Protein chains: 2
Amino acid sequence: MPRRENDTRSRIRETALELFASQGVDKTSLREIAERLDITKAALYYHFPSKKDLLTELIQPLFDDVETLLDDAERTGDLAPRVLLGRYFDVTARHRALFLALLYDLGTLIELDVVTRIFQWRDRLQRLLVGPAPRPAEIAACTLAVGGVQDCAITVEGPSAAEEYREAALDAACRALGVDTAGTQ
Amino acid sequence: MPRRENDTRSRIRETALELFASQGVDKTSLREIAERLDITKAALYYHFPSKKDLLTELIQPLFDDVETLLDDAERTGDLAPRVLLGRYFDVTARHRALFLALLYDLGTLIELDVVTRIFQWRDRLQRLLVGPAPRPAEIAACTLAVGGVQDCAITVEGPSAAEEYREAALDAACRALGVDTAGTQ
DNA sequence: GTCTATAGATAGATAGAC
DNA sequence: GTCTATCTATCTATAGAC
């Protein structure tokens, strides 16, 4: 074990995520990250060749989680909407800080390649929930369900109330979708 | 009639809104606005003392509309949720470009004083829909309904499909809220 | 009302010493 | 791996001529 490798690197990731989530990616300069860590900008550039690289690396775990979720759901097939949305709630809650950061400035994200992938999530989720070639009524229901579950997961503050809001959000989402929620957990 | 007064001024407003909506406020520089209008930055500053002033003036009509809507609903009292949400859909759709701009970089907005006011809308809408002191289940339902109606209104592209999506979104929102939608229009 | 010119600040990024 | 020093680009905003 080569002592505690990557210490600075992971401290950078941690601080960057914190600042990105609280004030947006664009409004967080590398200078600010460096100052908070009491290192210099140049030191930061040693670990990450660009701001974009730093952000990309922060986003990767979220992407992995969501895509694992979708792959799994598509492989299983015929998953109950409530279970699928519940898993989506959990992923969103787990990456809450990152979601906030992405939400703060969508504009920045568009310049990255991530937005196309996020749209693909939506499409895949929609296909899983209301099938291909949905009518407007189904698209609207799906928009409420997915967006609403995500909003609730992001909004919830402590993990204390999380469980209660989770069930509440899922109930509302199932009603919006018009699916029976009784019996499923 | 002093000829066509304020021509340049309103052209600036128009172009700025267009650019803000398509790429975000922060990523739109005054230089870019000026170039597209074929005037100089300095000329722009003659009409608007700062970028913030320009943005504030663009936002004002939206604020007026929403607050009129809320004032009216509170005065009337006991308005059917579907009617209230329908009006909110209409306001959102009318100011679609501006909503997009605000959505693109929330971070910028936080620095303005607008976010507190937007939170107040949410509170007032929530109070109108599920009353004061709502439980988590009601908060979640309201989050889905309001957020979802807004999302649908922003997402809709042409005014052709708008009517169909409007009804679809309102139906889904009412289901999420658990209110009977039959009979109301 | 619109221009040129420029101030003043800050951003992301790089070179090279240690 | 971290530093100092510096580059280049871009931004908002202002002063003052026309």
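Below, all heavy atoms of this structure are taken into account, side chains as well, without hydrogens, waters or symmetry copies. For clarity, every value in this text was computed on a predicted model and none was experimentally measured. Within every chain, numbering begins at 1; the chains are lettered A, B, ... in the order of the sequence lines, protein sequences first and strands thereafter.
Side-chain atoms of B:Y45 lie closest to D:dT12 of the nucleotides D:dT12, D:dC3, C:dC3. Of the candidate nucleotides C:dT14, D:dT2, D:dT12, D:dT12 has the atom lying nearest to any side-chain atom of B:K51. Comparing D:dA15, D:dT2, D:dA13 by their closest approach to the side chain of B:A42 singles out D:dA15. Nearest nucleotide to the side chain of A:S29, out of D:dA13, C:dA11, C:dT2: C:dA11.
The side chain of A:Y46 places no N or O atom within less than 4.0 Å of a non-bridging phosphate oxygen (OP1 or OP2) of D:dT2. Close to C:dT2, at under 4.0 Å from its OP1 or OP2, lies no side-chain N or O of B:T40. Using a 4.0 Å cut-off, some side-chain N or O of A:R31 falls inside it from OP1 or OP2 of C:dA11. Of the side-chain N and O atoms in B:T8, none sit less than 4.0 angstrom from OP1 or OP2 of C:dG1.
Neither side chain, B:T68 nor B:D65, offers a donor N or O lying under 3.5 Å from an acceptor on the other.
The interatomic distance linking B:H47 (NE2) with D:dT14 (C1') rounds to 17 Å, in whole Å. The distance between atom CZ of B:F48 and atom P of D:dT14, rounded to the nearest whole Å, is 16 Å. Going from atom CG of B:D38 over to atom C1' of C:dG1 covers 15 Å, rounded to whole Å. Rounding to whole angstrom units, CG of residue B:L54 and P of D:dA13 are separated by 10 Å. Atom CD1 in B:I33 sits roughly 14 Å away from atom C1' in D:dA13 (whole-Å rounding). B:E32 has its CD atom 18 Å from the C1' atom of D:dA13, to the nearest Å. Protein atom CG of A:L44 is 13 Å distant from nucleotide atom P of C:dA11, rounded to whole Å. The distance from atom CG of B:D53 to atom C1' of D:dA13 is 12 Å, rounded to the nearest whole Å.
Looking at B:R9, its side chain does come within 3.5 Å of a backbone N or O of B:H47 through a donor-acceptor pair. No donor-acceptor pair under 3.5 Å is formed between the side chain of A:K41 and the backbone N or O of A:E32.
By the 30° and 60° cut-offs, the orientation of the rings of A:F99 relative to A:Y88 is perpendicular.
Ion pairing between a basic and an acidic side chain is recognised when a charged N comes within 4.0 Å of a carboxylate O; B:E18 and B:R36 show such pairing.
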